[in-house]
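The analysis underlying the following values was restricted to heavy atoms, covering all of them including side chains, and did not include hydrogens, waters or symmetry mates. Numbers here simply count residues along the sequence, with the first being 1.
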Amino acid sequence: MHKLQQTQSQLIQNEKMSSLGQLVAGVAHEINNPVNFIHGNLTYANEYFQEILTLLHLYQQYYPNPRAISF
C-alpha cells in the first residue's frame, strides 16, 4: 500500500512539473513573438527616422526664407 501511495505521489509530481514546463514554454513564446516583431522592424524604423530627420533639417534650412513655388 505504501509503495502504491509513493508511486501515486510521484505521478502527481511529474504531472505538476509537466504542467509547469508547458506554462513556462507558453510564457516564453508570448514574450518571444513581440520581441521578434520589434527586432524585425528596427531597420525600417531607423530608415524612417533618418528620413524624418532629413526632412526636419530641410524645413529648418528653408523655413525662414521659403522658396517661391511656381505652378
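In this structure, N41 CG and N36 CG are separated by 11.0 Å, a value rounded to the nearest 0.5 Å. Here F49 contributes atom CZ and L53 contributes atom CG; the two are 4.0 Å apart, rounded to the nearest 0.5 Å. Taken to the nearest 0.5 Å, the CG atom of L23 stands 11.0 Å off from the OG atom of S18. With rounding to the nearest 0.5 angstrom, the CG atom of N46 is 10.0 Å from the CD atom of E51.
Side chain of T7 to main chain of K3: a donor-acceptor pair is present (N/O by atom type, distance under 3.5 Å, no hydrogens or angles). Not one N or O on the side chain of S9 forms a donor-acceptor pair closer than 3.5 Å with the backbone of Q5. With hydrogens and angles ignored, the 3.5 Å screen pairs no side-chain donor or acceptor of N32 with any backbone N or O of A28.
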**Message:** Walk me through whether Q60 and H57 qualify under side chain to side chain contact (heavy atoms under 4.5 Å, CB included).
**Reply:** CA-CA 5 Å; Q60 288 173 341; H57 290 300; 3.8 Å; yes
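For Y59, the ring pair (Phe, Tyr, Trp, His ring centres under 6.0 Å) partners at least two apart in sequence or on another chain are Y63. For H39, the side-chain hydrogen bond (donor to acceptor under 3.5 Å, both in side chains) test picks out no residue, with sequence neighbours left out.
No chain of hydrophobic side-chain contacts below 4.5 Å, direct or via other Ile, Leu, Val, Met, Phe, Trp or Tyr residues, connects I52 to L58.
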